[in-house]
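Both counts, for ligands and for their atoms, begin at 1 and track the order of listing. From a predicted model like this one, the values you see are computed outputs, not experimental measurements. Along the sequence shown, the residues carry numbers beginning at 1.
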Amino acid sequence: MKKNIQNTTLKMITYSFLIVLTYACGGVAEEKETTSAEENIFSVDEVLEMVAKENDVTRTLYTKAIVGEGKKQGMKFDEDWRKNEIEAGPLPALFLRGIATSIKKGDVPLGLYLGSDFPVNNANKFKGKQADLFQSIKKDQKPQFFYDEEQKLHTAMFADLASADACVSCHNNHKQTTKKDWKLGDVMGATTWQYPSDSLSYKGAIAILNAYSKGTIDTYKEYLAEVATFKESEKPEIGTKWPSQGKYLPTPEVFLDSVKKLTAYNTMKKLVVAK
Ligand code: HEC
């Protein structure tokens, strides 16, 4: 048991180094002296947990700092944001789908899906084993891990919480909603992550984290490209400022920088607790 804790602590420390390394080197990690970058040292569950953490931070930052604050500045967000005649940015769920699509286009075999038992979009309704496991997640908010025999994929599911007022008000009032009494803090859904192998090396773990970050950048860039085509609506100024400061949007680099700082902080917090 003690050894287990030490192991976990060690891995947490290694992980925080990984973050600092990828951050400092702009996404390129260097080989470690002690452990070969090729040796499998992480279980797939651990790595999916890391990337799910990044996703939580990215998703909350986008929902609160871009959608929530942006709306106060008159910016619009819509499910049909890609349509030419609609001058709006992506809703949080569609931002996540954009990230999932970008990952799928790359060469890292990582799957990402956002589902629920009371979805706005019926295509997002959990089925089979995932529907069963989601019921436990709703009760205790603990992640669920299993091997999907049919798809031959290691699968992890993490609670997706109503972390901002915007989540609750938009879902409760949506014309297609299947539930009108969501509250702040509710488990509204879960992210499902899938990966083919059961363990990963440093390189493999970094490739997953980088694929996720690239997905964030790609999707955020698509949003800014959409803003650039606005004809009727005012175009926010793109730079270092955020919507909380006025009619501004951060550049993709500034946005990702905040995600990296917030996730590194989270890992530090975990480290302190592990001690
Ligand atoms: C402005 C409206 C809006 C906001 C804000 C919003 N959502 Fe959604 N959400 C939607 C819509 C619309 C969909 C369906 C998108 C699709 O797949 O077509 C969706 C999809 C989802 C899904 C997948 C299941 C489903 O309902 O289809 C989950 C889970 C979810 N949102 C949770 C959240 C959480 C948690 C937040 C806050 C962090 C949030 N949403 C913020 C509108 C919103």
Side-chain angles (χ1 to χ4, degrees), residues 52-83 86-104 111-128 130-131 133-139 141 143-144 155-194 212 215-216 219-220 222-223 226-227 233 243-244 249 255 258-259 262-263 266:
K53 189 70 161 209
E54 293 250 353
N55 175 63
D56 276 346
V57 170
T58 307
R59 185 154 159 71
T60 306
L61 189 70
Y62 183 75
T63 307
K64 283 191 179 166
I66 305 289
V67 179
E69 293 295 330
K71 276 186 166 176
K72 290 184 198 161
Q73 301 294 340
M75 299 177 197
K76 295 198 176 67
F77 298 87
D78 198 287
E79 46 219 271
D80 293 324
W81 70 284
R82 285 181 196 273
K83 285 190 183 156
I86 293 180
E87 302 196 338
L91 291 178
L94 302 178
F95 193 78
L96 186 141
R97 179 140 352 116
I99 298 175
T101 306
S102 156
I103 296 173
K104 206 179 259 174
L112 167 59
Y113 170 84
L114 177 67
S116 178
D117 52 353
F118 290 105
V120 165
N121 179 346
N122 199 44
N124 302 330
K125 193 172 164 100
F126 282 130
K127 293 177 202 82
Q130 292 192 32
L133 292 177
F134 181 59
Q135 292 310 313
S136 334
I137 296 176
K138 270 174 74 166
K139 282 193 198 106
Q141 303 193 3
Q144 292 288 334
T155 308
M157 294 174 73
F158 300 90
D160 189 54
L161 301 176
S163 54
D165 288 324
C167 318
V168 172
S169 56
C170 184
H171 275 250
N172 283 348
N173 298 319
H174 196 276
K175 53 185 186 302
Q176 273 164 252
T177 194
T178 46
K179 182 172 156 68
K180 292 185 170 184
D181 56 354
W182 293 111
K183 298 182 301 300
L184 206 62
D186 275 354
V187 179
M188 291 180 75
T191 51
T192 302
W193 302 80
Q194 296 188 301
Y212 183 85
T216 304
T219 311
Y220 192 81
E222 283 181 45
Y223 168 35
E226 178 73 20
V227 168
S233 326
S244 59
L249 278 173
F255 183 81
S258 289
V259 172
L262 289 165
T263 41
N266 254 319

Colleague: Leu161 heavy atoms, cut-off 4.0 Å: which ligand 1 atoms fall inside?
Modeller: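 Listed by number with element: 35 (C).
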
Colleague: Is any side-chain heavy atom of Glu79 closer than 4.5 Å to one of Asn121?
Modeller: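 With C-beta onward as the side chain, the pair stays apart.
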
Colleague: Quick one: are Glu222 and Arg82 in side-chain contact, heavy atoms under 4.5 Å?
Modeller: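 SC-SC contact between Glu222 and Arg82 confirmed.
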
Colleague: Between Lys183 and Asp181, does any NZ, NE, NH1 or NH2 come within less than 4.0 Å of an OD or OE carboxylate oxygen?
Modeller: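 No, Asp181 and Lys183 are not salt-bridged.
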
Colleague: Please report the closest heavy-atom contact between Thr263 and Lys53, naming both atoms and the distance.
Modeller: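 Closest approach of Thr263 to Lys53, heavy atoms only: CG2-O, 4.2 Å.
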
Colleague: What is the closest protein heavy atom to atom 43 (C) of ligand 1, and at what distance does it sit?
Modeller: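 Here the nearest protein heavy atom works out to Cys170 SG, 3.4 Å.
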
Colleague: For ligand 1, which atoms, with element, lie under 4.0 Å from some heavy atom of Ser116?
Modeller: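 Here the atoms of ligand 1 in question are 24 (C).
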
Colleague: Please verify whether a non-hydrogen atom of Thr60 lies at under 4.0 Å from ligand 1.
Modeller: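 Per 4.0 Å heavy-atom rule, Thr60 does not contact ligand 1.
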
Colleague: Is Pro119 touching ligand 1 with its side chain, its backbone, both, or neither, if touching means heavy atoms under 4.0 Å apart?
Modeller: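 Near ligand 1, Pro119 shows its backbone as well as its side chain.
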
Colleague: Check whether any N or O atom of His171, backbone or side chain, sits under 3.5 Å from an N or O atom of ligand 1, and answer yes or no.
Modeller: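 N/O-N/O distance below 3.5 Å exists for this pair.
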
Colleague: Would you say the side chain of Leu91 lies within less than 4.5 Å of the side chain of Trp81, judging by non-hydrogen atoms?
Modeller: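 No, side chains not in contact.
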
Colleague: Does the pair Val187 and Phe134 meet the rule for a side-chain contact (heavy atoms from CB on, under 4.5 Å), with working shown?
Modeller: CA-CA 10 Å; Val187 179; Phe134 181 59; 3.8 Å; yes

Colleague: Would Arg97 count as a polar contact of ligand 1, with the cut-off being nitrogen or oxygen pairs under 3.5 Å?
Modeller: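 Right, the criterion is met.
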
Colleague: I'd like to check whether His174 has a polar contact with ligand 1, where a contact means an N/O of the residue lying under 3.5 Å from an N/O of the ligand.
Modeller: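 It does not: no N or O of His174 is found under 3.5 Å from an N or O of ligand 1.
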
Colleague: For Gly98 and Thr219, work out which heavy atoms get closest and say how close.
Modeller: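 In terms of heavy atoms, the two residues are closest at C-OG1, 3.1 Å.
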
Colleague: Check this for me - ligand 1, Lys71, N or O atoms closer than 3.5 angstrom, yes or no?
Modeller: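 The answer is no, given that Lys71 and ligand 1 share no N or O pair closer than 3.5 Å.
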
Colleague: What's the shortest distance from atom 15 (C) of ligand 1 to any protein heavy atom, and which residue and atom give it?
Modeller: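 Of every protein heavy atom, Leu94 CD2, 3.9 Å lies nearest to atom 15 (C) of ligand 1.
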
Colleague: Could you list the atoms of ligand 1 found under 4.0 angstrom from a heavy atom of Ser163?
Modeller: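 Once the distances to Ser163 are compared, the set is 38 (C).
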
Colleague: I'd like to know whether Ser163 forms a side-chain contact (heavy atoms from CB on, under 4.5 Å) with Thr63, so could you lay out the CA-CA distance, the side-chain angles of the two residues, the decisive distance to 0.1 Å, and finally the verdict.
Modeller: CA-CA 9 Å; Ser163 54; Thr63 307; 5.7 Å; no

Colleague: Taking non-hydrogen atoms only, is Ala93 closer than 4.0 angstrom to ligand 1 via side chain, backbone, both or neither?
Modeller: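 The side chain, only.
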
Colleague: Answer yes or no: is there a side-chain heavy-atom contact under 4.5 Å between Leu114 and Arg97?
Modeller: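 No; the side chains remain at least 4.5 Å from each other.
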
Colleague: Report yes or no: does Lys64 have a heavy atom closer than 4.0 Å to ligand 1?
Modeller: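 In this structure, Lys64 fails to qualify as a contact of ligand 1 - no heavy atom is under 4.0 Å.
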
Colleague: In terms of atom number and element, which parts of ligand 1 are under 4.0 angstrom from non-hydrogen atoms of Glu79?
Modeller: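 Every atom of ligand 1 under 4.0 Å from some heavy atom of Glu79: 12 (C).
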
Colleague: Is Asp117 close to Lys179 at the side-chain level, that is, under 4.5 Å between some pair of heavy atoms?
Modeller: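 Not touching, per the 4.5 Å side-chain cut-off.
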
Colleague: How far is atom 14 (C) of ligand 1 from its nearest protein heavy atom, and which residue and atom name does that atom have?
Modeller: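 Nearest protein contact, heavy atoms only, for atom 14 (C) of ligand 1 is Asn121 CB, 3.9 Å.
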
Colleague: Mind telling me whether Tyr62 and Phe95 have parallel, tilted or perpendicular rings, with 30° and 60° as the class edges?
Modeller: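 Because their plane-to-plane angle is under 30°, the rings of Phe95 and Tyr62 count as parallel.
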
Colleague: Please work out which of the three classes, parallel, tilted or perpendicular, describes the rings of Trp182 and His171, given edges at 30° and 60°.
Modeller: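 Ring orientation of His171 relative to Trp182: perpendicular.
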
Colleague: Mark up the atoms of ligand 1 that fall under 4.0 Å of a heavy atom belonging to Gly115, in ascending order.
Modeller: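 That gives atoms 29 (C) of ligand 1.
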
Colleague: In the protein, what heavy atom is nearest to atom 22 (C) of ligand 1, and what distance, to one decimal place, separates them?
Modeller: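 That would be Leu114 CD2, 3.6 Å.
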
Colleague: For the 3.5 Å polar cut-off, considering only N or O atoms, please tell me whether Ala164 and ligand 1 meet it.
Modeller: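 N/O-N/O distance under 3.5 Å: no.
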
Colleague: Within the 4.0 Å heavy-atom shell around Ala166, which atoms of ligand 1 are there?
Modeller: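 Taking each heavy atom of Ala166 in turn, ligand 1 has 4 (C), 5 (C) under 4.0 Å.
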
Colleague: Please classify the Val120 to ligand 1 contact at 4.0 Å (heavy-atom distances, strictly less than): side chain, backbone, both or neither.
Modeller: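 Both backbone and side chain.
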
Colleague: Applying side-chain contact (heavy atoms from CB on, under 4.5 Å) to Leu133 and Thr155, what does each step give before you reach the verdict?
Modeller: CA-CA 11 Å; Leu133 292 177; Thr155 308; over 6 Å; no

Colleague: Which residue owns the protein heavy atom closest to atom 27 (O) of ligand 1, what's the atom, and how far is it?
Modeller: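 Closest protein heavy atom to atom 27 (O) of ligand 1: Asn124 ND2, 2.7 Å.
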
Colleague: Heavy atoms only, cut-off 4.0 Å: how does Arg59 contact ligand 1, side chain, backbone, both, or neither?
Modeller: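 Just the side chain.
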
Colleague: Only heavy atoms count here, so choose which of Asp160, Leu91, Leu184, Leu96 is nearest to atom 12 (C) of ligand 1.
Modeller: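 Heavy atom nearest to atom 12 (C) of ligand 1 belongs to Leu91.
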
Colleague: Show the atoms of ligand 1 that are less than 4.0 angstrom away from any heavy atom in Cys167.
Modeller: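 That gives atoms 34 (C), 35 (C), 36 (C), 37 (C), 38 (C), 39 (C), 41 (C) of ligand 1.
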
Colleague: Kindly determine whether Thr177 and Asn172 satisfy side-chain contact (heavy atoms from CB on, under 4.5 Å), including the steps that lead there.
Modeller: CA-CA 7 Å; Thr177 194; Asn172 283 348; 5.6 Å; no

